[in-house]
There are 2 protein chains.
Amino acid sequence: MLMQQDLHLADRRNAILRLLRGSVVRRQEDLVGLLHQQGFDVTQSSVSRDMRELGVIKAQGRYLPPGAELSPVQGDFGAVARFVRAVLPSGPSITVVKTSAGAAGTVAAVLDKADWPEVVGTISGDDTIFIATQDQAAQQRLIIRLQSSFRIQAA
Amino acid sequence: MLMQQDLHLADRRNAILRLLRGSVVRRQEDLVGLLHQQGFDVTQSSVSRDMRELGVIKAQGRYLPPGAELSPVQGDFGAVARFVRAVLPSGPSITVVKTSAGAAGTVAAVLDKADWPEVVGTISGDDTIFIATQDQAAQQRLIIRLQSSFRIQAA
DNA sequence: GGTCTTGTTGCATAAGCATGCAAGGATAGT
DNA sequence: ACTATCCTTGCATGCTTATGCAACAAGACC
């Protein structure tokens, strides 16, 4: 039961994983195009089925191979989450993160590294971080992200 | 610019994250239903936008909150990947994994822990693992998984 | 060489998701 | 209070993805 067709299939699926690692694939049709360039004559139907079999995930509008984690920062967040005590808005553009004593710097470093689009800048003291956002919309998104990242109970 | 409406929004997004952690959500409409049960009157449009803002990921046919990792085994695989030298089929149901000397046991332990559906059983020597699958289809899926998990170049 | 079984494929289309747009709520400034 | 501005929302709809189905390929068995 394994022959040319099946090799074709296995090869194609490997090619898909390679492509997903190397390129930004937003639609299955994109993948159809890339596969054609590599000599695979295939339609969106099969790509869709391949995706399911391979366990490909879709995040942030793009497809990623299984195991690839989008936010390499995620682990870091987990590591510092236990130091985070509260997330509070202060006015429309400043968000205050309270941490356990002495941990602010560490937590802030993780936040900086995350490089979130809504963050304009941060400064940190001993147990407090101020995060500046451009406006209230950004602040709102930020707060949601912080709560999610640190698994904080909503107010 | 922040009032009832916006609280509604923030609450709803928190509710979404909670629901995604607690239930299996396959379609955005499912979420609309669950949110209705909790008093949120919202349409699929907004849920779609919420998903994007929250960075929700879709994997294996269901939605997951950002940060939730589907394969908790991933770290383990990464740790032993460097010991894996080759993955080779042997007939239609046995797959042989070659590892560096002495590492077979360690790698096999990770594979066993992963508990993949296509694996019927494994035995390991010093630098070789035999993996039994039910049939060739399972073997094929297994090989793809192994190559993906261990980042092995396809033949 | 038939015939049966198993698996893959494309097509057509259903199902599901994203989004332009206009409406409406809320605030800030005048 | 009026106006301008900023957000959020639903609707309608276009875009993207999943799938029932029939066709076909390959091996197993007679």
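Residue numbers begin at 1 in each chain, while the letters A, B, ... track the order of the sequences.
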Handout entry: Leu111(B) vs Leu146(B) side-chain heavy atoms within contact, under 4.5 Å
Key = yes
Problem - Whole-Å distance separating the CG atom of Asp50(A) from the C1' atom of dT8(C) - result: 10 Å
Practice task
Could you work out which one of dT16(D), dT9(D), dC17(C) sits closest to the side chain of Lys58(B)?
Solution key: dC17(C)
Practice task
Provide, to the nearest angstrom, the distance between the CE atom belonging to Met51(A) and the C1' atom belonging to dT19(D).
Solution key: 16 Å
Fill in the blank from the handout: Atom CZ of Phe40(B) and atom C1' of dT9(D) are separated, to the nearest Å, by 15 Å
Handout entry: Length of the line joining Glu29(B):CD and dA18(C):P, which is rounded to integer Å
Key = 12 Å
Handout entry: Presence of Arg52(B) side-chain N/O under 4.0 Å of dT19(C) phosphate oxygens OP1/OP2
Key = yes
Handout entry: Sidechain-backbone polar pair: Gln139(B) side chain, Ile94(B) backbone, donor-acceptor under 3.5 Å
Key = yes
Problem - Rounded interatomic separation in angstrom, taking CZ from Arg62(A) and P from dT17(D) - result: 14 Å
Practice task
Find the distance Ile57(B):CD1 to dC17(C):P and express it as a whole number of Å.
Solution key: 15 Å
Practice task
Mark yes or no for a side-chain to base donor-acceptor pair under 3.5 Å between Arg49(B) and dG10(D), with no hydrogen or angle criteria applied.
Solution key: yes
Exercise for the section: State whether the distance check finds a donor on one side and an acceptor on the other, under 3.5 Å, for side chain Ser45(B) versus base dT19(C). Expected result: yes
Fill in the blank from the handout: On a heavy-atom basis, the closest approach of Ile57(B) and Ala59(A) is CG2-CB, 3.2 Å
Problem - Sugar-phosphate only, base, or nothing, as touched by Ser48(A) at under 4.0 Å among non-hydrogen atoms - result: base
Exercise for the section: Round to the nearest Å and state the distance from Leu31(B) atom CG to dA18(C) atom P. Expected result: 12 Å
Practice task
Give a yes/no on whether any side-chain N or O of Tyr63(B) is located under 4.0 angstrom from OP1 or OP2 of dG16(C).
Solution key: no
Exercise for the section: Give one of base, sugar-phosphate or nothing for Val42(B), where a contact means two heavy atoms less than 4.0 Å apart. Expected result: sugar-phosphate
Exercise for the section: Tell me whether the OP1 or OP2 atom of dG16(C) has a side-chain N or O from Arg26(B) closer than 4.0 Å. Expected result: no
Practice task
Pick base, sugar-phosphate or nothing for Asp41(A), based on heavy-atom distances below 4.0 Å to the nucleic acid.
Solution key: sugar-phosphate
Fill in the blank from the handout: Those residues at least two apart in sequence (or on a different chain) that pass salt bridge (Lys or Arg N to Asp or Glu O under 4.0 Å) with Arg62(B) are none
Exercise for the section: Verify the neighbour count for atom CZ of Phe130(A): are there more than 12 heavy atoms of other residues, nucleotides or ligands below 6.0 Å? Expected result: no
Exercise for the section: Look at the side chain of Gln28(A) and decide which nucleotide, out of dC17(C), dT9(D), dA18(D), has an atom nearest to it. Expected result: dA18(D)
Practice task
Take atom CD of Gln44(B) and atom P of dG14(D), then tell me their distance rounded to the nearest Å.
Solution key: 15 Å
